[in-house]
Number of protein chains: 2
Amino acid sequence: MTEKKIQGIHALENRLGEFLQENSIDCVILGYDQEELKVLLLKWKFEDIWSLPGGYIHKMEGMDQAAHRVLEERTGLTSIFLRQFYTFGSAGRNGEHRPEEMATMRRILEKIPMENKELDFGWFTKRFVTTGYFALVDLRRTDPNPDFLSESCEWWALDDVPQLLADHNEILEKALEQLRIHLNYLPIGISLLPQKFTMRALQKLYEAILARPLERSNFQRKMLALDILVRHEKQMTGAANKAPYLYSFDRSKYDTLVQKGIGFSF
Amino acid sequence: MTEKKIQGIHALENRLGEFLQENSIDCVILGYDQEELKVLLLKWKFEDIWSLPGGYIHKMEGMDQAAHRVLEERTGLTSIFLRQFYTFGSAGRNGEHRPEEMATMRRILEKIPMENKELDFGWFTKRFVTTGYFALVDLRRTDPNPDFLSESCEWWALDDVPQLLADHNEILEKALEQLRIHLNYLPIGISLLPQKFTMRALQKLYEAILARPLERSNFQRKMLALDILVRHEKQMTGAANKAPYLYSFDRSKYDTLVQKGIGFSF
DNA sequence: TATTTATTGTATCGTTATGACAAAATAAAA
DNA sequence: TTTTATTTTGTCATAACGATACAATAAATA
């Protein structure tokens, strides 16, 4: 078998894993920028179809590992906050329930230069199960890379997310729902913000996740009461107003707080 | 289709075949009796091995359906509180990581008459991903039934649970951890207690789940404040003390509260 | 019948958490 | 020097909470 062919098969495995296999993982990779929460989406070649980055689990690999691998392949980031949030296995996930979409997929695969492009789409009639992971990243540190079957890999503001492949919109919604619950057990800014940030930035992040405004002074009071922030010098913004302090997380205090798992709510 | 292309497809199939996995579900069925929380376990035939009841997802069946099916097969109960809590897919779940246990399983399977090929399960070669569900039931309404591979099906007090097959002890622990979190989003007594119960019984249930004592009068105050209980006549216990009232859940108020998803904590 | 016992139902009290709002501080512009 | 916009800190009434006390009561006991 030629090297090229092996590469092609390997790419297919990674990308189409969720259709070919019974098990796959899908990543809801959330980044934060410009006071907005964004999600990383892949655009398929040739057609206007977007989907969550995903892949499947190699034989000697755990599910968590697979999710980390996909994340690294798409963003270049390692050692990232990544958490399983739900497994989707309804009968309706079967490809044959979405014939039009399957036809589109068929067109895409036919145009991709591979020697074995006449794939038997009987594969598509299998029931498949995918496990969702959400990741929180500082998107300015990422370098999004499309995979073999994608022509681009872009950050989308949550409000603008288009219709996605299969049930990926539902998966995204579930990820956000779970993230909001996690917020009560875990302060999350540490992985979404740059190392030093203003209290306003942290509040805007929480507001973006919760999709509702929070009261400024009460937010500050509660956040400081957690005793996981370190205050640094002020940041001179150049604006005609009082300059805000910069804060960063105290990693060890942060970790012990997470360890204790104390619930706090917003 | 050319011979070469057919070869390519076969190569792909073979390659993918290496990655074949099995999906299963495992149920942590919790019952409450005698002020104790109990879990339903199966004892395998011929050997002293216990495990959680579980099963495979049939071809045209969703994962949730499969869990309901297993639950009904084991307990006779339908329309039950049943919730997915986590999916276990670490590399270590592969049978080949537990050779002694696999040898035991092999002995068991050899003694069981196997007309049915499905029973081979591929336990010794495939990697397993299992999704855990927890169920809450009134155990006095159940009729535990062992399955084909089990010789008994019994309720075990949580404190007495023996070492279980594979990572089932971890799965049980995770189920309890998740249940305790759910407790803050959902009053759960409705499915674990008989229709009418005393406040003391409800408190004992919460204490059993949380594994810590709760303050009596404050528990009563909070629980009544939820406004989902109906008070009935007193229950004459025959003991030399004040007789307690009986309560039951107001189903519609209960449902609307769950709908609102209001958080309350103990 | 009167008293005792054990448990239940409810009230109280001090502390803390919370939401809404107000006031002081301050960097830069006018 | 004053104005402007935003941050930081403070206040205050209310609600929630943990701890404790006390009253109510069904049955046993004297």
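The analysis underlying the following values was restricted to heavy atoms, covering all of them including side chains, and did not include hydrogens, waters or symmetry mates. Every value quoted in this text rests on a predicted model; they were computed, and no experiment measured them.
- When the P atom of D:dT7 is taken as reference, atom CZ of A:Phe197 falls 15 Å away, rounded to whole Å.
- Between the CG atom of B:Asn241 and the P atom of C:dT8 there is a distance of 6 Å, rounded to whole Å.
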Full working for ring pair (Phe, Tyr, Trp, His ring centres under 6.0 Å) between B:Phe197 and B:Tyr245: CA-CA 8 Å; B:Phe197 49 87; B:Tyr245 287 106; over 10 Å; no
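- Nearer the 5' end of DNA chain C, as judged by each residue's closest nucleotide, is the contact made by A:Glu215, out of A:Glu215 and A:Lys242.
- Among the nucleotides D:dA5, C:dA6, C:dA11, the one closest to any side-chain atom of B:Ser217 is C:dA11.
- Contact annotation: A:Lys222 reaches the phosphate of C:dG19 (side-chain N/O to OP1 or OP2, under 4.0 Å).
- To the nearest angstrom, C1' of D:dT8 lies 16 Å from CG of A:Leu202.
- For the pair A:Met223 CE and D:dT9 P, the computed distance is 15 Å after rounding to whole Å.
- Salt bridge status for A:Glu177 with A:Arg180: absent, with no side-chain N to carboxylate O gap under 4.0 Å.
- Residue order along DNA chain D, read from the 5' end via each residue's closest nucleotide, puts A:Thr198 first among A:Thr198 and B:Arg221.
- Of all nucleotides listed (C:dA20, C:dT8, D:dG18), C:dT8 comes nearest to the side chain of B:Pro244.
- Side-chain contact, A:His68 with A:Thr78: no donor N or O sits under 3.5 Å from an acceptor N or O.
- Atoms CZ (A:Arg216) and P (C:dA22) sit 13 Å apart, rounded to a whole Å.
- The closest side-chain donor-acceptor pair between B:Thr75 and B:Thr142, if any, does not fall under 3.5 angstrom.
- In this pair, B:Trp156 and B:Trp50 present their aromatic rings perpendicular. The plane angle is above 60°, beyond the 30 to 60° band.
- Remark: P of C:dA17 and CD of A:Gln220 are 17 Å apart, rounded to the nearest angstrom.
- Listed pair A:Arg200 / D:dT7 meets the phosphate criterion, a side-chain N or O lying under 4.0 Å from OP1 or OP2.
- In this structure, the CG atom of A:Asn218 is 15 Å from the C1' atom of D:dT7, given to the nearest Å.
- Atom CD of A:Glu233 is separated from atom P of D:dT7 by 17 Å (rounded to the nearest Å).
- Of the side-chain N and O atoms in B:Arg231, none sit less than 4.0 angstrom from OP1 or OP2 of C:dT8.
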